[in-house]
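See structure below.
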Amino acid sequence: MLDIQSLRNDLTGVASRLATRGFILDVARFQELEAQRKSIQTRTQELQAKRNSSSKLIGQAKAKGEDISAIMAEVATLGDELKQAEEQLGAVQTALQQLLEVIPNMPHSSVPEGKSDADNFEVRKVGKIPQFGFAVKDHVDLGEKLGLDFDTATKISGARFSLLKGPLARLHRALAQFMLDTHSEQHGYTETYVPYMVNADSMRGTGQLPKFEEDLFKVPFGLEEPNAAEQTRIGNLDDADSIRESVKQRYFYLIPTAEVPVTNIVRDEIVPLEKLPMKFVAHTPCFRSEAGSYGRDTRGMIRQHQFDKVELVQIVHPEKSYEGLEELLGHAETILQKLGLPYRVVKLCTGDMGFSSALTYDIEVWLPAQNTYREISSCSNFEAFQARRMQARFRNAQGKPELVHTLNGSGLAVGRTLVAVLENYQQADGSVVIPEVLHPYMGGIEKLVP
RNA sequence: GGAGAGGUGGCAGAGUGGUCGAAUGUACCUGACUCGAAAUCAGGCGUAGCGUUUACGCUACCGUGGGUUCGAAUCCCACCCUCUCCGCCA
């Protein structure tokens, strides 16, 4: 969420910067709501002040045993007027809040303007692209003989799921463990185990809600309708709405990334200055509906409803967030380097960035079968955008609460790393050599053999 | 699932419907004392919004949402969360 002050102070400036990322801010509506808010709020507060002082007078008069009927008469009409004003104010503030919640973050000044991924800026290429003396296979063809089974996954669940068996499943686990160990032991991250289902407040905090609900899996618990006992109570009570409301809220969301539960660790917290930076790493499954990407990446395990990811999160001092982002990016790159996978780093242009991000680097790994680089990690600085939604703060040197900055990045997406290992380490006979750093995790297996 | 207790400022913890944004303690900041520190003493110290823009004034916030009332931290209703005991359970 943007600071409403920045909109008040420089509405056209904010609007034009947001336009570079393809977001059209409804300037007129904001101005209208702000004008309404201002007049209604002033009026409401005047009425409240009057009510407070009158009530105080009544209290004092009563204490002295004086006659209060004169004051009572004066206040008689105040109640209705005030109630109406408060309702109007509430409505305007809700409307403003809703408008604010769907405005994306402001791109950092260094972000190149552009419309799509074609306009992203290549920062660097690392590693040597392997040359094969034979026709390369993609991970689906390779995996077929190595324990990768899409047909059975489809039977069990449906499209966009995968089933791994034997040493291949172990390789998947080895990758996750290797990443987790590297980040916790060498990069200073605290390993965390987190809930995979979260409430709506957490989703709102990191920016998935309210705008991107269709990308999420929503899981009801208990009945979706009021149960028999609740029906009875609804029938008997005057304010049945609160029961219906609580029934409606009886659900969780499956996390689309560990960013959600991990970043929300600091939601509604004021952390001491000396606790910054906080660095967390978590290995979790991620669940995405992939609504709107129906035709894309239907082959293989590139785009799945469920995949594993090792996620890095940093909670940092506002002045240190860009430093932190470079560091975090380096941590993610380290994994690719240790695995010997060629990759490149790109800085996303304004049009390709995620909703909450101020600056994003994608790391793209080389996939020989596709003869191209594919995203395997995304590292972002959200500045105070998430922190403002979460009310995540620290106590600054002056002792005042101030919003933290939040960062995160994949370190890495495990499924796609598996794909990259299979394709880059394939041999002519269809076997796959296991990168050396994974050997300690593979129980003596150094090669996947059909 | 059954029974009970409780959610108040950074923390702890008071609060007969009126002068309570909230005692007190603690932490923290400033000053005094000290060579310095500790101890002691004095003062300050919540968050957010609005209006004047240094000083100030007003408003909201005591788990959340409703209700009663001229007036609610305090009374009523619902919900959420935490803790204790019993039962069941991976």
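Only this structure's heavy atoms are used, side chains among them; waters, hydrogens and symmetry mates stay out. Below, chains carry the letters A, B, ... as their sequence lines are ordered, and counting in each starts from 1.
- Under a 4.0 Å N-O distance rule, the pair A:Arg43/A:Glu46 does not qualify as a salt bridge.
- Shown here, B:U52 forms no base pair; nothing in the strands shown gives a Watson-Crick or G-U wobble contact with both key distances under 3.5 Å.
- Residue A:Arg51 places at least one side-chain N or O under 4.0 Å from the OP1 or OP2 atom of B:A60.
- Here A:Lys56 does not reach the OP1 or OP2 of B:C20: none of its side-chain N or O atoms lies under 4.0 Å away.
- Among the heavy atoms of the strands lying under 4.0 Å from A:Pro401 are primed sugar atoms or P, OP1, OP2 only; no base atom is included.
- With respect to the salt-bridge test (charged N to carboxylate O, under 4.0 angstrom), the residues A:Lys309 and A:Glu259 do not qualify.
- B:A73: no Watson-Crick or G-U partner with both key distances under 3.5 Å is found in any strand.
- Regarding A:Glu81, its CD atom lies at a distance of 16 Å from the P atom of B:C70, rounded to whole Å.
- Salt bridge annotation for A:Asp10-A:Arg17: absent, with no cationic side-chain nitrogen under 4.0 angstrom from a carboxylate oxygen.
- When the P atom of B:U47 is taken as reference, atom CG of A:Asp268 falls 16 Å away, rounded to whole Å.
- When the P atom of B:C61 is taken as reference, atom CG of A:Leu89 falls 12 Å away, rounded to whole Å.
- Separating the P atom of B:G87 from that of B:A3 is a span of 16 Å, rounded to the nearest Å.
- The same atom, P, is picked in B:G25 and in B:A39; the two are 16 Å apart, to the nearest Å.
- Distance noted for atom P between B:A48 and B:U34: 40 Å (whole Å).
- As rounded to whole Å, 15 Å separates atom P of B:A48 from atom CD1 of A:Ile4.
- A:Lys50 and A:Glu81 are not joined by a salt bridge, as no carboxylate oxygen comes within less than 4.0 angstrom of a charged side-chain nitrogen.
- Figure legend. B:G36 is base-paired to no nucleotide; pairs are counted as Watson-Crick or G-U wobble with both atom distances under 3.5 Å.
- Atom CG of A:Leu47 is separated from atom C1' of B:C50 by 15 Å (rounded to the nearest Å).
- What separates CG of A:Leu403 from C1' of B:U47 is a distance of 12 Å, to the nearest Å.
- Taking every side-chain heavy atom of A:Ile58 into account, B:G18 is the closest of B:G49, B:U47, B:G18.
- Using a cut-off of 4.0 Å between Lys/Arg side-chain N and Asp/Glu carboxylate O, A:Arg303 and A:Glu290 are scored as salt-bridged.
- Between A:Asn9 atom CG and B:G49 atom C1' there is a gap of 15 Å when expressed in whole angstrom units.
- Side-chain N/O atoms of A:Gln45 and base N/O atoms of B:G49 include a donor-acceptor pair closer than 3.5 Å.
- When distances are taken from the side chain of A:Lys38 to each of B:C50, B:C58, B:G10, the shortest belongs to B:C50.
- Using a 4.0 Å heavy-atom distance criterion, A:Arg8 is classed as a sugar-phosphate-only contact.
- Judged by closest nucleotide on RNA chain B, A:Gln60 is the one of A:Gln60 and A:Glu34 placed further toward the 5' end.
- If you take atom C1' in B:C80 and the same atom in B:U30, they sit 42 Å apart, rounded to whole Å.
- Distances were taken from every side-chain heavy atom of A:Arg393 (C-beta onward) to each of B:U59, B:A48, B:C70; the shortest belongs to B:A48.
- Both A:Ala49 and A:Asp3 lie close to RNA chain B; mapped to their nearest nucleotides by heavy-atom distance, the more 5′-ward contact belongs to A:Asp3.
- Here, B:G18 and B:G1 have their P atoms 39 Å apart, quoted to the whole Å.
- Judged by Watson-Crick or G-U wobble contacts below 3.5 Å, the nucleotide B:A22 has no partner.
- Residue A:Lys83 places its side chain closer to B:G67 than to any other of B:C50, B:U59, B:G67.
- Using Watson-Crick or G-U wobble geometry with both donor-acceptor distances under 3.5 Å, B:A60 finds its partner in B:U47.
- Residues A:Val421 and A:Pro435 share a closest heavy-atom pair of CG1-CD, 3.8 Å.
- Pairing of B:A14, defined by two Watson-Crick or G-U wobble distances under 3.5 Å, is not identified with any nucleotide.
- When each of A:Glu383, A:Arg389, A:Gln386 is tested with A:Thr406 by the rule side chain to side chain donor-acceptor pair (under 3.5 Å), just one qualifies, namely A:Gln386.
- A:Gln314 pairs with exactly one of A:Glu327, A:Lys279, A:His331 by the side chain to side chain donor-acceptor pair (under 3.5 Å) rule, that one being A:Glu327.
- Between the CG atom of A:Asn52 and the C1' atom of B:C58 there is a distance of 10 Å, rounded to whole Å.
- Rounded to whole Å, the separation between the C1' atoms of B:C62 and B:A14 comes to 13 Å.
- With B:C50, B:G10, B:G71 as the choices, the nucleotide that has an atom nearest any side-chain atom of A:Thr42 turns out to be B:C50.
- Residue contacts shown for A:Gln5 are limited to sugar-phosphate atoms, with no base heavy atom under 4.0 Å away.
- Shown here, B:C41 forms a base pair with B:G31; the pair counts as Watson-Crick or G-U wobble because both key distances fall under 3.5 Å.
- Atom C1' of B:A27 sits at a distance of 7 Å from the matching atom of B:C11, rounded to the whole Å.
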